[in-house]
Amino acid sequence: MQRVVVGLSGGVDSSVAAYLLKQQGFEVVALFMKNWHDKTGLLKAECPFDEDVDFAKMVARKLEMPFHIVDLSEQYRKRVVDYMFSEYQQGRTPNPDVLCNREIKFDEFLKAALALGADFVATGHYCRKEVINVNGDETYRLLAGVDPNKDQSYFLCQLSQQQLAKALFPVGGLLKPEVREIASLLGLATAERKDSQGICFVGKVDLPVFLQQKLAAKKGSIIEIPTSRYSTLNAPAEGDFKALSAPVKYKPTDGKIVGTHNGAHFFTIGQRKGLNVGGTPEPLFVIDTDVESNVVYVGQGQEHPGLFRKGLLVPTDQIHWVRPDLQLENGQTIELLVRIRYRQPLQAATLIMKTEGLYILFAEPQRGITPGQFAAWYANDELIGSGVIL
RNA sequence: UGACCUAUGGUGUAAUGGCAGCACAGCAGAUUUUGGUUCUGUUAGUCUAGGUUCGAGUCCUGGUAGGUCAA
């Protein structure tokens, strides 16, 4: 009998995942990972961590499976939280949960599971895995979850073939309401628990407060860039994919000061709330931040041209292929589907591979292309690769 | 110094002498396993002292503050 270690989180998805694995005839071991203790910046005062363990324990008992706890706080801090601070410090906007999957759940946790004699690890992610044969090699496909509303393949966009080989996603073929129904039919304590939100393991935090543990607040200018700055004259030509993919750089003289902020690294492109600047007919959105000069650039209105870009670049060393066998060679071009944030509908795009990196040119201009975030490219519902946006 | 103009939530603005409204910001909730977005709800105001009037944000007088022009 094959042994599966399931990451029981105390939520409904992993609970049902554990149950389904048992149904499929696996020997299932529950392993709860404790990755965070700190409550700094936490929005809800109640301590969610202890509660999660309790729910996980209850589920393990109900499903009659051995229950273990592993503490990966140290690793989580080093490999996820430190990365977060470092990215924000450099003015980028990281995605800690993508890192959490690559570095913790499918690395540190996977190791812990293997130490327990696991053949596979399973999670409650809404995505699917498929095995195909490519030139005699077993090759794993990472597919979107069947529930279009919950598909979480994006968060797994940095997984490798080696990691995928050991992974199982039992709920990927189900809809969320079906998962809840199974849980409730089984009488699992987690059936009605609210879906988790915020940074995985950390929770919903007030980000500026959280970041101020490491990043100092310092006052700077908020500068509004008028629409008139964007003339059709200096717009890049349609075929100039390099220019279309380059971030626009603003200077303080391009606009006028409309307010002050507490640190440019606390803001991200596309952000509306928190600027504390009112009195404009339409809302202001962040269109760029400069942590060097500590300036936040904003534009007025949903349709401000500074909010939209036609393309982006993933530098060569940041390109990851979930399917290395489909890797593009220098000079190659392909039409695929791309998303630049969780739950974004897939966007038609052209991928162009060059020595400096992978250019992604969208059919439609994209709102809020943000350095530090991950772009993930798909062929239909299969995630092919991903990388950090420059 | 003289003349003129203006003063309404935190900000920008509405209101024939008749229930002070809108937008933005803020706050709260919903949505969301990143940041962000979006949706819903909500707090908060007539510069000051008098006067006219049944009734004043609105009309009159003084004060205060700001602005424009003149010198």
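Within every chain, numbering begins at 1; the chains are lettered A, B, ... in the order of the sequence lines, protein sequences first and strands thereafter.
With C1' as the reference atom, B:U43 and B:C24 are 15 Å apart, rounded to whole Å. Comparing B:C39 with B:A23, their P atoms are spaced 12 Å from each other, to the whole Å. Taking atom P in both B:G67 and B:U31, one finds a spacing of 50 Å when rounded to whole Å. Here the separation of B:G55 from B:U1, taken at their P atoms, is 39 Å to the nearest Å. Look at the P atom in both B:G9 and B:A44: the space between them is 14 Å, to the nearest Å. Between B:G63 and B:C69, the two P atoms lie 24 Å apart (nearest whole Å). B:C59 and B:C27 have their P atoms separated by 37 Å, given to the nearest Å. If you take atom C1' in B:G62 and the same atom in B:G45, they sit 24 Å apart, rounded to whole Å.
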Sequence neighbours left out, cut at 3.5 Å: what donor-acceptor pairs do the side chains of residues 269-287 of chain A make with other protein atoms?
from     : atom 1 : to       : atom 2 : distance (Å)
A:Gln271 : OE1    : A:Thr268 : N      : 3.0
A:Gln271 : NE2    : A:Lys273 : O      : 2.9
A:Thr280 : OG1    : A:Glu282 : O      : 2.6

Exercise. Begin from the C-alpha positions of A:Asn101 and A:His125 and carry the test side chain to side chain contact (heavy atoms under 4.5 Å, CB included) through to its verdict.
Key: CA-CA 10 Å; A:Asn101 284 309; A:His125 283 111; 3.2 Å; yes
Practice problem: Would you sort out whether A:Tyr154 and A:Tyr126 count as a ring-ring contact (aromatic ring centres under 6.0 Å, His included), showing the intermediate values? | Solution: CA-CA 10 Å; A:Tyr154 176 78; A:Tyr126 285 84; over 10 Å; no
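Of the possible donor and acceptor atoms, one in the side chain of A:His261 sits under 3.5 Å from a partner among the backbone N and O of A:Asn294.
Taking a cutoff of 4.0 Å between a charged side-chain nitrogen and a carboxylate oxygen, A:Arg180 and A:Asp195 qualify as a salt bridge. With respect to A:Asp107 and A:Arg79, a salt bridge is recorded, a charged nitrogen being found less than 4.0 Å from a carboxylate O. For A:Lys249 and A:Asp288, the salt-bridge test passes: some basic side-chain N is under 4.0 Å from an acidic carboxylate O. Here A:Glu364 does not pair with A:Lys310 in a salt bridge; the nearest charged N to carboxylate O distance is not below 4.0 Å. A salt bridge does not link A:Glu108 with A:Lys78: every distance from a Lys NZ or Arg NE/NH1/NH2 to an Asp or Glu carboxylate oxygen is 4.0 Å or more. With respect to the salt-bridge test (charged N to carboxylate O, under 4.0 angstrom), the residues A:Glu382 and A:Arg323 qualify. Classification of A:Asp119 and A:Lys166 as a salt-bridged pair fails, no side-chain N sitting under 4.0 Å from a carboxylate O.
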Which atoms of nucleotides 10-12 of chain B (N or O only) lie under 3.5 Å from a protein N or O atom, and what are those distances?
from  : atom 1 : to       : atom 2 : distance (Å)
B:U11 : O2     : A:Gly279 : N      : 3.0
B:G12 : O4'    : A:Gly279 : O      : 3.4

Write out a two-atom table: protein N or O, nucleotide N or O from nucleotides 43-47 of chain B, distance below 3.5 Å.
none

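Looking at heavy-atom distances under 4.0 Å, A:Leu284 makes no contact with the nucleic acid at all. Heavy atoms of A:Gly259 sit nowhere under 4.0 angstrom from any nucleic acid atom.
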Quiz item: What dot-bracket string describes RNA chain B from 5' to 3', counting Watson-Crick and G-U wobble pairs whose defining distances are under 3.5 Å, with [ ] for crossing pairs and | for pairs to another strand?
Solution: (((((((..((((....[..)))).(((((.......)))))....(((((..]....)))))))))))).
Self-check item: Contact pattern, 5' to 3', of nucleotides 33-41 of chain B - B, S or - by protein heavy atom under 4.0 Å
Solution: BBBBSS---
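Residues satisfying the side-chain contact (heavy atoms from CB on, under 4.5 Å) criterion with A:Ser86, sequence neighbours excluded, are A:Gln90.
Residues A:Phe120 and A:Phe169 keep their aromatic ring centres 6.0 Å or farther apart.
Exactly one residue among A:Leu328, A:Leu383, A:Leu336 makes a side-chain contact (heavy atoms from CB on, under 4.5 Å) with A:Trp377. That residue is A:Leu336.
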